[in-house]
Peer 1: 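One structure is given below, represented as structure tokens, and several questions about it will come after.
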There are 2 protein chains.
Amino acid sequence: MAAAANVIGDRWTLLILREALYGVTRFDAMQAELGVPRTVLSGRLKKLLAEGVLKQRPYRKAGERIRYQYVLTPKGVELALPMIALMEWGDKYCRGGASTADVVERNTGAACHVGLVSDAGAPVSIGAAQFRVKG
Amino acid sequence: MAAAANVIGDRWTLLILREALYGVTRFDAMQAELGVPRTVLSGRLKKLLAEGVLKQRPYRKAGERIRYQYVLTPKGVELALPMIALMEWGDKYCRGGASTADVVERNTGAACHVGLVSDAGAPVSIGAAQFRVKG
DNA sequence: CCGTATCCACAACGATACTG
DNA sequence: CAGTATCGTTGTGGATACGG
């Protein structure tokens, strides 16, 4: 847990990871989207690479120089669950932001719940934490 | 999401919230458990109170002066889901730490999964994110 | 027990500007 | 496009000490 806190425990990393989840993989795109200082973004990406949450993948458009994009590793992909839960929490308590539904649907192709589920398969919630993302 | 990041986006807050989830509600207990500087703990608790994630509840032992303990509000309780998911992630990728199973069982009284679940009720995972906490 | 007051060193931030 | 270099300022961490 302390380790998890070290990974996502700062204001920007969480947002950067969300962008990665959204499919934003390029430096400038992230920078423009988040408004994060380039120096900070650079540092965070480097940290996430070192932690194995992101990896660089080379690509090139026709005739262009080779470039890199930042994509989630399996380890990074698994952060989707906590992150989506967190987004939903933010949506619920901080009205005015964008909805989470888009992200989930784009990445799973299905409407989903996120919640605690008992071994029997019946939904169990902690407080009112269970929710439906998309009808 | 950005708002959620502001709440839990720092190294200590996440740990403090975990303690609250564990049932540790008193200042010194948290301080001893986490090793966090008292000044920092004080500041974080104040911030969490202001955000409505924690509230103070008065209590007194026989004959003692009145004291306060920090307990989760409904808003705070709902952070359990993202947090448990996060703990599980940490457990998986950072071996050697304590298991998450204790927390879940203590607070729900039941063995649970945390995962994405389709509307039909069948489990859906993002990557391999779905997991079983306790058999 | 439950905090607050001070202080300092260091890290992080954000702005700006510059290279491949 | 994708970063790095530099720099002044602010914030945080941790130690220590002090009051309710």
Side-chain angles (χ1 to χ4, degrees), chain A residues 1-20 22-51 53-72 76, chain B residues 1-3 5-20 22-51 53-72:
Chain A
M1 177 67 176
N6 264 330
V7 175
I8 59 93
D10 97 83
R11 184 156 110 262
W12 288 118
T13 304
L14 212 48
L15 276 336
I16 292 169
L17 254 15
R18 184 195 53 176
E19 292 308 309
Y22 263 99
V24 177
T25 61
R26 297 199 309 287
F27 189 94
D28 276 20
M30 287 187 177
Q31 198 281 321
E33 196 72 28
L34 299 177
V36 52
R38 305 176 74 78
T39 47
V40 174
L41 178 56
S42 177
R44 292 295 184 278
L45 289 175
K46 214 166 284 181
K47 191 180 149 208
L48 289 169
L49 286 175
E51 282 160 344
V53 173
L54 292 179
K55 65 185 169 195
Q56 285 185 311
R57 193 167 57 183
Y59 73 103
R60 76 165 70 208
K61 288 183 185 167
E64 280 185 6
R65 192 169 84 257
I66 198 161
R67 300 206 178 281
Y68 292 94
Q69 50 188 345
Y70 297 90
V71 298
L72 293 166
Chain B
M1 178 67 175
N6 264 330
V7 174
I8 59 93
D10 97 82
R11 183 157 112 262
W12 288 117
T13 303
L14 213 49
L15 275 335
I16 291 170
L17 253 16
R18 183 194 55 176
E19 292 307 309
Y22 264 98
V24 177
T25 60
R26 297 199 307 287
F27 189 93
D28 275 21
M30 286 187 178
Q31 199 280 321
E33 196 71 28
L34 299 176
V36 52
R38 305 176 75 77
T39 48
V40 174
L41 178 56
S42 177
R44 292 296 185 280
L45 288 175
K46 213 167 284 179
K47 190 181 149 208
L48 290 169
L49 286 175
E51 282 160 345
V53 174
L54 292 180
K55 65 185 169 192
Q56 286 184 311
R57 194 167 57 184
Y59 74 101
R60 76 165 70 211
K61 287 183 186 167
E64 281 184 7
R65 191 169 86 256
I66 199 162
R67 300 207 178 282
Y68 291 93
Q69 49 188 343
Y70 297 89
V71 297
L72 294 166

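Small disclaimer: the values here were computed from a predicted structure and weren't measured. Side chains are part of it too, since the values below use all heavy atoms of this structure and drop only hydrogens, waters and symmetry mates.
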Peer 1: Quick one: A:I16 CD1 to C:dA12 P, roughly how many Å, whole number?
Peer 2: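 Distance, rounded to whole Å: 14 Å.
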Peer 1: Using whole Å, report how far CZ of A:R44 lies from P of C:dA11.
Peer 2: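 Answer to the nearest Å: 14 Å.
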Peer 1: Which distance, rounded to the nearest 0.5 Å, do you find between the CZ of B:R18 and the CE of B:M30?
Peer 2: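 With rounding to 0.5 Å, CZ (B:R18) is 11.0 Å from CE (B:M30).
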Peer 1: How many Å lie between CE on B:M30 and C1' on C:dG3, as a whole number?
Peer 2: 14 Å
Peer 1: What closest approach, in Å, do B:L17 and B:L72 show between heavy atoms, and which atom pair accounts for it?
Peer 2: CD1-CD2, 4.3 Å
Peer 1: Considering only atom C1', compute the distance from C:dC2 to D:dA17 and round it to an integer number of Å.
Peer 2: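 Each nucleotide's C1' atom is 15 Å from the other's.
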Peer 1: B:R67 side chain: which of C:dG20, C:dC13, C:dC1 is closest?
Peer 2: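 Shortest atom-to-atom distance from the side chain points to C:dC1.
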Peer 1: Just jot down the side chain to side chain donor-acceptor pair (under 3.5 Å) partners of A:E51, sequence neighbours excluded, or say none.
Peer 2: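 Applying side chain to side chain donor-acceptor pair (under 3.5 Å) to A:E51 gives none.
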Peer 1: Applying a 4.0 Å non-hydrogen cut-off, can you work out what A:R65 is touching in the nucleic acid: base, sugar-phosphate, or nothing?
Peer 2: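 Counting heavy atoms under 4.0 Å across all strands, the contact made by A:R65 includes a base.
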Peer 1: Closest approach of B:L41 and B:F27, non-hydrogen atoms and distance?
Peer 2: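 It is CD2-O, 3.5 Å.
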Peer 1: 5' to 3' on DNA chain D, which nucleotides open and close the contacts with chain A (atom under 4.0 Å from a heavy atom)?
Peer 2: D:dC1 to D:dT6
Peer 1: C:dC13 P sits how many Å from A:Q31 CD, rounded?
Peer 2: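 Rounded to whole Å, this separation is 15 Å.
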Peer 1: Report, one pair per line, the protein and nucleotides 14-17 of chain C atoms (nitrogen or oxygen only) whose separation is under 3.5 Å.
Peer 2:
unit_1: C:dG14; atom_1: OP1; unit_2: A:R11; atom_2: NH2; d: 2.7
unit_1: C:dG14; atom_1: OP2; unit_2: A:W12; atom_2: NE1; d: 3.1

Peer 1: Taking only residues two or more places apart in sequence or in another chain, which ones pass side chain to side chain donor-acceptor pair (under 3.5 Å) with B:E33?
Peer 2: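 Per chain and number, B:E33 pairs via side chain to side chain donor-acceptor pair (under 3.5 Å) with no residue.
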Peer 1: Under a 3.5 Å distance rule, please check whether B:E19 uses its side chain to pair with a backbone N or O of B:T25 as donor and acceptor.
Peer 2: no
Peer 1: Give me the stems containing DNA chain D, sorted by first residue, counting only three or more consecutive Watson-Crick or G-U pairs with both distances under 3.5 Å; say none if there aren't any.
Peer 2: C:3-20 with D:1-18
Peer 1: Of all heavy-atom pairs between B:N6 and B:K47, which one has the smallest distance, and what is that distance?
Peer 2: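 Heavy-atom minimum between the residues: O-NZ, 3.2 Å.
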Peer 1: List for me each residue that meets salt bridge (Lys or Arg N to Asp or Glu O under 4.0 Å) alongside B:R38, sequence neighbours excluded, and say none if there are none.
Peer 2: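 Testing B:R38 for salt bridge (Lys or Arg N to Asp or Glu O under 4.0 Å), a comparison that skips the adjacent residues, returns B:D28.
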Peer 1: Distance-only, no hydrogens or angles: does the B:Q69 side chain make a donor-acceptor pair with backbone N or O of B:P58 under 3.5 Å?
Peer 2: no
